[in-house]
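See below for the structure under consideration.
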Amino acid sequence: MQAHTAHVRNCDRPRNFPTAGGRVESAPFRTALHRSLPVELNPQQRAAVHHLEGPLLVLAGAGSGKTGVITRKIAWLLRECGYRPRQVLAVTFTNKAAREMRERVRRLLADRPVRGLRIGTFHALGLEILRTHPQALGYRAGFSIFDTHDSLHQVAEIVRKARLHLEPEHARWQIGAWKNEAIDPEAALAGAESDREVACARVYAAYQDQLRAYNALDFDDLLLQPVRLFETHPELLEAWRERIRYLLVDEYQDTNPAQYRLVRLLSGPLGAFTVVGDDDQSIYAWRGARPENLARLAEDYPRLTVIKLEQNYRSTGIILRAANRLIAHNPHVFEKRLWSRLGQGERIRVLSCRDPEHEAERIVSEILHRRFQERARDGDFAILYRGNHQSRPFEQALRAHRIPYHVSGGTSFFDYTEVKDLVAYLRLLVNEDDDRAFLRCVNTPRREIGAATLEKLAAYAGERGIGLLAACFEAGLAQRLPARARHRLEGFATWIAAQADRARRGDPVAVFRDLVEEIDYRGWLESQAKTPEEAGRRWENVEELFEWMERTRAALEGEASLAELVARMSLMDLLDRKDADADGDRVHLMTLHAAKGLEFPHVFIVGMEEGLLPHRSAIESGDLTEERRLAYVGITRARRTLTFSLAARRRVGGQWSETEPSRFLQELPEEDLVWEGGRCDARPPEERRARGRAHLANLKALLEDG
DNA sequence: ACGCCACCTATTTTT
DNA sequence: TAGGTGGCGT
């Protein structure tokens with residue numbers, strides 16, 4: 001035990017880098033924000049930062065300091081190579097990653113301005129491209145962005161009207177898959193191989209027409225349309241290439257074909273880019289990511305340089321050995337082997353438990369124990385699982401022991417009804433053709449405009465080829481509708497138009513606040529909510545929306561038209577509050593997917609059972625590689641200790657069933673694992689027999705003694 | 001327009 | 001088992 005502790009201390013030392021204030025930081029939660037690379041880069045990192053001749057692929061293993069390489073490279077380009085901030089573009093997948101990257105670059109370049117430096121998500125980039133030339137593809141300024149719900153609703157309506165035998169979800173999924181591959185409706189129809197695909201392709205075409213009519217784009221369009229734009233307007237592409245002299249892409253293994261094409265287009269034939277990725281951490285193939293884009297790069301750019309970062313600055317030797325051994329079971333294009341100087345560390349424990357409740361209980365007592373013995377903070381622990389439903393017993397156990405925790409994921413801010421309601425108003429103010437927004441606003445709060453009225457309005461608008469809002473003003477509507485209904489519609493439309501006008505002239509945020517006041521949205525919330533608390537909670541979200549708008553307007557420095565604000569809003573750059581929760585000193589509960597990019601001193605990977613990890617559907621499909629990578633991602637999150645757990649039985653759809661230990665446990669180095677079964681026999685058979693023999697020997701010895 | 005009941009289905013999720 | 005949804009009835 002003593003020796004172990006000493007080891008652990010040793011391991012820890014190189015990780016405590018002095019921060020600006022000379023303070024020593026320990027146990028940081030998020031790599032990117034709190035830790036910087038050691039002052040000295042290792043030779044591979046340095047080579048990656050300094051390489052400018054032609055395209056570069058950095059294969060960055062987990063914990064190898066890849067974000068540090070990207071941020072330092074940006075700093076290098078600006079400081080030493082004469083690039084202006086506007087000429088450098090860094091692309092990430094999430095807003096969070098973009099924020100962290102910008103923050104780190106800002107710190108590296110504390111002495112010089114970074115204004116104009118482009119760091120953002122693929123979607124934000126697509127939005128910017130489209131907003132600078134909306135007319136080139138037939139959009140008008142102020143176009144709306146449909147979120148997943150709008151989009152599904154739209155598809156469902158098309159399916160319903162066409163009386164197709166098609167699940168809207170499936171159609172929406174298929175359309176998304178086509179868009180990810182940059183396949184347009186005509187190509188989709190041409191390539192359709194089944195009746196179902198033909199039907200989907202038809203829906204796809206109708207859906208695109210519909211979006212066009214609404215002057216709206218969905219999330220996938222933000223990637224697909226820029227590709228189309230550049231492929232059909234070489235002069236615009238040329239202008240963008242002129243502006244962007246260097247391109248950096250993070251998490252390259254997560255790119256889909258549309259993103260790949262966008263990168264190729266923007267970076268030009270010479271390939272002035274650095275992409276960073278790790279094929280072993282590709283866990284999003286199920287939503288269109290193509291890890292093979294890494295290998296493809298070498299074919300498309302014969303001059304490609306590949307640099308591997310294999311030194312890990314995060315985990316102990318035993319943890320890395322486990323990770324390496326596991327992932328070696330996957331086929332590889334690029335061989336990669338992580339190593340570290342952080343010492344061996346503790347062995348990996350495997351807790352086999354009776355059932356999920358027992359599993360939770362044992363892990364929580366483990367946390368209590370470590371917290372006490374090593375004075376670990378709650379925030380040092382992470383419990384990682386395959387599916388969100390697994391969190392429940394852990395939440396219960398943690399609550400029972402009064403341990404603070406935070407569950408990542410769950411409802412997005414933009415899924416709250418109150419947020420959707422008000423965003424609909426904003427969208428309508430900016431884009432009068434957004435019929436979805438119109439339909440949402442028109443009766444929220446109630447304006448006594450009934451379904452029949454709206455039906456007739458829609459029919460009329462359809463005939464005239466105009467939006468619902470515009471149709472409200474038409475004299476021709478008088479013949480179709482009773483005067484009262486028409487007056488209500490016209491009153492609403494006039495009012496909306498007036499608000500839109502005010503927003504264009506004056507302070508958009510103030511106009512919006514007034515609007516919310518005028519419709520007495522707060523009163524509406526109170527009347528809708530079951531309890532006053534609920535109304536209060538919802539109103540808080542509304543205030544948060546206000547605050548976000550204020551902040552963003554301030555950040556945009558006078559350039560903030562309502563249209564600008566609304567466009568950015570749909571890309572949700574607003575995570576501040578959620579992160580405040582996550583940053584607190586709490587045990588982290590999250591899915592393995594959500595854990596990517598994070599690290600924790602103590603990691604528990606729970607539910608290590610066949611059917612869960614690897615997931616049943618993966619077993620059925622016969623391809624376990626992505627599940628293995630998921631386990632790999634989980635393992636490589638751990639800095640000091642790693643613990644697996646499994647339950648001998650689990651409810652699968654209300655029915656208890658016996659489980660088998662995950663095959664992944666068997667793929668780990670046996671000598672580094674400590675099985676702790678207790679009374680539960682869910683260990684691999686060899687071990688069970690060995691234990692049995694030992695037990696027998698013990699008994700014999702006792703008998704002989706007696 | 002709302003509420004209740006019955007039925008169905010259980011991965012991962014960002015923008 | 002539980003939660004979510006869709007349809008039907010009031």
Side-chain angles (χ1 to χ4, degrees), chain A residues 91-98 120-128 130 145-152 156 160 167-169 173 176 179-180 217-226 250-251 254-256 258-259 281-289 355-357 384-393 408-415 443-444 446 448-452 527-528 530 567-575 578 590-597 607 609 611-621 624 626-627 629-631 633-634 650-657:
Chain A
V91 197
T92 63
F93 277 82
T94 64
N95 288 313
K96 191 167 89 181
T121 62
F122 269 105
H123 290 84
L125 171 66
L127 178 67
E128 196 193 334
L130 294 172
I145 294 167
F146 274 22
D147 67 18
T148 352
H149 279 102
D150 295 320
S151 164
L152 180 61
R160 192 171 52 80
E167 308 84 344
E169 292 79 14
W173 174 87
K179 287 189 169 189
N180 281 165
L217 297 139
D218 65 19
F219 284 133
D220 300 323
D221 280 330
L222 292 176
L223 307 173
L224 169 64
Q225 302 304 338
D250 192 18
E251 304 279 17
D254 289 338
T255 50
N256 62 37
Q259 287 160 327
Q281 291 188 70
S282 158
I283 52 176
Y284 287 110
W286 54 274
R287 62 175 200 214
D355 51 50
E357 286 69 33
L384 310 181
Y385 36 76
R386 179 63 231 260
N388 279 311
H389 63 275
Q390 286 173 261
S391 73
R392 191 158 308 199
S408 307
T411 1
S412 138
F413 186 72
F414 289 90
D415 284 340
N443 267 323
T444 323
R446 296 273 123 75
E448 303 187 288
I449 296 170
S527 71
Q528 292 301 102
K530 292 199 177 70
R568 282 170 189 260
M569 184 178 296
S570 27
L571 295 185
M572 60 166 91
D573 214 357
L574 135 109
L575 297 141
K578 271 201 240 155
M590 65 185 86
T591 61
L592 287 158
H593 283 92
K596 190 163 86 157
E609 297 144 34
L612 256 185
L613 183 69
H615 193 268
R616 213 180 92 229
S617 55
I619 297 173
E620 280 162 10
S621 81
L624 294 177
E626 183 145 314
E627 297 291 305
R629 291 193 290 266
L630 204 46
V633 165
R650 193 174 286 275
R651 275 176 300 262
V652 182
Q655 213 67 268
W656 284 98
S657 71

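We name chains A, B, ... by the order of the sequence lines, and we start the count at 1 in each one.
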For this session: Take atom CZ of A/F219 and atom C1' of B/dT14, then tell me their distance rounded to the nearest Å.
Result: 8 Å

Exercise. Within the pair A/N388 and B/dT12, is there a side-chain N or O less than 4.0 Å away from OP1 or OP2?
Worked result: yes

Exercise. Once you round it to whole Å, what is the distance between C1' of B/dT15 and NZ of A/K179?
Worked result: 13 Å

Problem set entry | A/L222 vs A/H593, nearer the 5' end of DNA chain B by closest nucleotide | A/H593

Seminar exercise, completed: In this structure, CG of A/L127 is separated from CZ of A/F219 (nearest 0.5 Å) by 10.5 Å

For this session: Would you indicate which nucleotide in B/dT15, C/dG3, B/dT13 comes nearest to any side-chain atom of A/R392?
Result: C/dG3

Problem set entry | Rounded distance [0.5 Å steps], CG in A/L222 versus CD in A/E128 | 12.0 Å

For this session: May I have the distance from A/M590 (atom CE) to B/dT14 (atom C1'), rounded to whole angstrom?
Result: 16 Å

Exercise. Hey, does the side chain of A/R616 come within less than 4.0 Å of B/dT12's phosphate (OP1/OP2), counting only N and O?
Worked result: no

For this session: Could you check whether A/T148 gets within reach of a base, just the sugar-phosphate, or nothing at all, counting any heavy atom under 4.0 Å?
Result: base

For this session: Determine the minimum heavy-atom distance between A/S282 and A/E626, stating which atoms define it.
Result: O-OE1, 3.7 Å

For this session: Would you please determine if the base of B/dT11 is stacked by A/H615, with stacking meaning a centroid separation under 5.5 angstrom and planes under 30 degrees?
Result: yes

Problem set entry | Residue mapping more 5' on DNA chain B - nearest nucleotide basis, A/N443 or A/R386 | A/N443

Exercise. P atom, C/dG4 versus B/dT13: distance in rounded Å?
Worked result: 16 Å

Exercise. Base, sugar-phosphate alone, or nothing: which one does A/R629 contact when heavy atoms must sit under 4.0 Å apart?
Worked result: nothing

For this session: Tell me what A/R446 touches on the nucleic acid: a base, only sugar-phosphate, or nothing, going by heavy atoms under 4.0 Å.
Result: sugar-phosphate

Seminar exercise, completed: Heavy-atom contacts, protein to nucleotides 4-10 of chain C, under 4.0 Å, summarised as B (base), S (sugar-phosphate only) or - (none) per nt, yield -------

Problem set entry | Partners passing side chain to side chain donor-acceptor pair (under 3.5 Å) against A/R616 (at least two apart in sequence or in another chain) | A/E620

Exercise. Can you tell me how far C1' of B/dC8 sits from CD of A/Q655, to the nearest Å?
Worked result: 16 Å

Exercise. Using atom C1' of each nucleotide, how far apart are B/dT11 and C/dG6 to the nearest Å?
Worked result: 24 Å

For this session: Specify the separation, in whole Å, of atom NE2 of A/H123 and atom C1' of B/dT13.
Result: 12 Å

Exercise. Can you tell me how far CD1 of A/I283 sits from CD of A/E627, rounded to the nearest 0.5 angstrom?
Worked result: 10.0 Å

For this session: Check whether the side chain of A/R651 and the base of C/dT1 form a donor-acceptor pair under 3.5 Å.
Result: no

Exercise. What integer distance in Å separates A/L630:CG from B/dT12:C1'?
Worked result: 7 Å

Exercise. Base, sugar-phosphate, or nothing for A/S617, non-hydrogen atoms under 4.0 angstrom?
Worked result: base

Problem set entry | Atom-pair distance (CG on A/N256; C1' on B/dT15), nearest Å | 11 Å

Exercise. Do A/S617 and A/H615 have side-chain atoms, one donor and one acceptor, less than 3.5 Å apart?
Worked result: yes

Problem set entry | Positive for side-chain hydrogen bond (donor to acceptor under 3.5 Å, both in side chains) with A/K179, one of A/D218, A/D220, A/N256 | A/D218

Exercise. Roughly how far, to the nearest 0.5 Å, is the CD1 atom of A/I145 from the CG atom of A/D221?
Worked result: 9.5 Å

Exercise. What integer distance in Å separates A/L571:CG from B/dT14:P?
Worked result: 14 Å

